[in-house]
Number of protein chains: 2
Amino acid sequence: MDLRQLNYFVAVYENGSISAAARACHVAQPSLSAALQQLEDELGAVLFIRQSRGVTPTEDGERLYGHAGRLLSQMQSLKASFRHSVKRVQFRLGLIRALGVERMSQLLREFSAGVEGLELHLVEPEDEADARIITPKMLKAGEQFLPIWTDHFLIALPAGHPLALKQSLQLEDFDGLALIKRTPCDAWSQFYPELIRNGIQPDIRADIHTIEYALGLVSAGVGVALVPDFDVLHERQDVVLRPLQDVTLQRTIGLAYPRSKAGQPALDWLRLLCQQQS
Amino acid sequence: MDLRQLNYFVAVYENGSISAAARACHVAQPSLSAALQQLEDELGAVLFIRQSRGVTPTEDGERLYGHAGRLLSQMQSLKASFRHSVKRVQFRLGLIRALGVERMSQLLREFSAGVEGLELHLVEPEDEADARIITPKMLKAGEQFLPIWTDHFLIALPAGHPLALKQSLQLEDFDGLALIKRTPCDAWSQFYPELIRNGIQPDIRADIHTIEYALGLVSAGVGVALVPDFDVLHERQDVVLRPLQDVTLQRTIGLAYPRSKAGQPALDWLRLLCQQQS
DNA sequence: GTAAATCCATAGGTAAAAGCTATAGCTGGT
DNA sequence: ACCAGCTATAGCTTTTACCTATGGATTTAC
């Protein structure tokens, strides 16, 4: 019974699934399966009941979790008590605005957790930085680009909007339509000229920067907006998402970093995290 | 920082020396040195001051020990709380009598500690057993023999006995000498016939079985006795040890076990312990 | 009802880590 | 000065943690 196994056990417990825990721990699923098996063999107890939809803890699993959490945190604080003079690691990360609060904050949380003594400074995407999360178009000379997410764009409509009756929208539908402009946005700079080229003139009601604001305006009935297809958006009851016919809008967001800085531990860790984003 | 390293750290602390801790943990000394180094690197603190005569803990070492001990014992009790229905392992060990309480009890302590749920039954050396600690002469067919200790024999004299003035004793010195017989004993069965062959007739005052009793009688002035050369005996002020000239008496004590039972975990562990006896 | 997706387990191979032996350097005791 | 005992280093072997790939089982989707 070592700390590695206990850590994995806790992760499995808290994720309710071996696969999910493996993703959270950044290891392959069989590694976790094996570690869990070892732990169970050593304790002579079954800790989880394996089901096709994840695992559920047994009574022994519950009992172990109670103690394991306490033990691990004691271990952490013991280790921390020796971290008197850890060198602070400064890291400047440039961020474009419209990339989704949810997944971004999760990425940053993991980034911070993985680097001892990290001081993370978030700056504007065009500022000088150790790394930037941007679209390929913003790349500078000497920078390496590592794709993270590819988002398709949809049209967000207020619930109850007449166009919500259609399964997908055509360009013609936008003529005179109340539209919310969101910049800077790759999709917008593809989409808007396309409208103009077709002689379609929408009614632009606002120009804002973040997806969250755009959705707020949509929900308020100000107009419709072009937004990336995040999973969380589908759960909102106040907006309806519809694909565009005829034109495919998508963008890629990735990590840009100076080739010369590869090898720096914080950056390497960030690159690893980015690679593992689905 | 894993439990292995913490365990080693505690062992080093409690033994006051890396080498001694390595012996206690049944690993080679460099393994411990390396683990300790890792721990110090990770914590960024020096835990022990290395001296030529062992190590002494620093302030950080003292602090870590306070917490590490508590953590490890919590870990142990957590593990123990799952050992509800461990299969009891029965083990019958045959022991000849005269092999020295000190080293024997230490061996048995380590044996018990290393086998989960061990029920150790000590039986007479000639009884049916899973293993026996005996001299090679007592070997039965189909048994493997693994030497553990080789003892040289000395003569134990009461302090102040006239023969104590000599640095070593000759056979002639035994003519008419008050002698304590200890059987069964390999050395005795070599030595006594040798005396008779030379026409020397000692005065046998007692016949007992264990070394401790023999020494008690020597100390009481009943006579002199033939005893194996244990280190602890040299520390006694009430008896004097002298080698025998002309004749070398020694015995080998070892572990005898049925070849067929090799592979059984308890026996394998015992074999390992026996191999590591100095 | 079949196909796709999801989850856990197993197999086989690779690379890191922990182990061992041998040896060098250092210090205190005979 | 030499010996004995301790720690550190070097070189090598064994163990083990990890990965990819795949199979079996079950739930979800169409």
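Just so it is clear: chains get the letters A, B, ... in the order the sequence lines come, proteins before strands, and each one is counted from 1.
Looking at A/K261 and A/D130, a side-chain N of the basic residue comes within less than 4.0 Å of a carboxylate O on the acidic one, giving a salt bridge.
Applying the side chain to side chain contact (heavy atoms under 4.5 Å, CB included) test to A/E42 and every residue at least two apart in sequence or in another chain returns A/M1, A/Q5, B/K79, B/R83. For the side chain to side chain contact (heavy atoms under 4.5 Å, CB included) test, residues two or more places apart in sequence or in another chain that qualify with A/A159 are A/V240. Scanning for salt bridge (charged side-chain N to carboxylate O under 4.0 Å, His left out) contacts around A/E110 gives an empty result, with sequence neighbours left out. By the salt bridge (charged side-chain N to carboxylate O under 4.0 Å, His left out) test, B/R251 is found to be paired with B/D151, residues two or more places apart in sequence or in another chain being considered. Among residues two or more places apart in sequence or in another chain, the side chain to side chain donor-acceptor pair (under 3.5 Å) test is passed with B/D246 by none. For B/E62, the side chain to side chain donor-acceptor pair (under 3.5 Å) partners two or more places apart in sequence, or in a different chain, are B/Y13. Every residue two or more places apart in sequence or in another chain that forms a side chain to side chain contact (heavy atoms under 4.5 Å, CB included) with A/P147 is listed here: A/F145, A/T252. Not counting sequence neighbours, A/Q264 has no partner by the side chain to side chain donor-acceptor pair (under 3.5 Å) test.
For residues 29-39 of chain B, no pair satisfies salt bridge (charged side-chain N to carboxylate O under 4.0 Å, His left out), with sequence neighbours left out.
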Nucleotides 16-22 of chain D: protein proximity per nucleotide (B base, S sugar-phosphate only, - neither; heavy atom, under 4.0 Å): -SSBBB-
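Using a 4.0 Å cutoff to heavy atoms of chain A, the contacted part of DNA chain C runs 5' to 3' from C/dT6 to C/dT10.
If you check every strand for non-hydrogen atoms under 4.0 Å, B/S19 touches a base.
When the C1' atoms of four end pairs are superposed on the next four at each end of the helix from C/dG1-D/dC30 to C/dT30-D/dA1, using five pairs per end, the two resulting axes differ in direction by 20°, to 10°.
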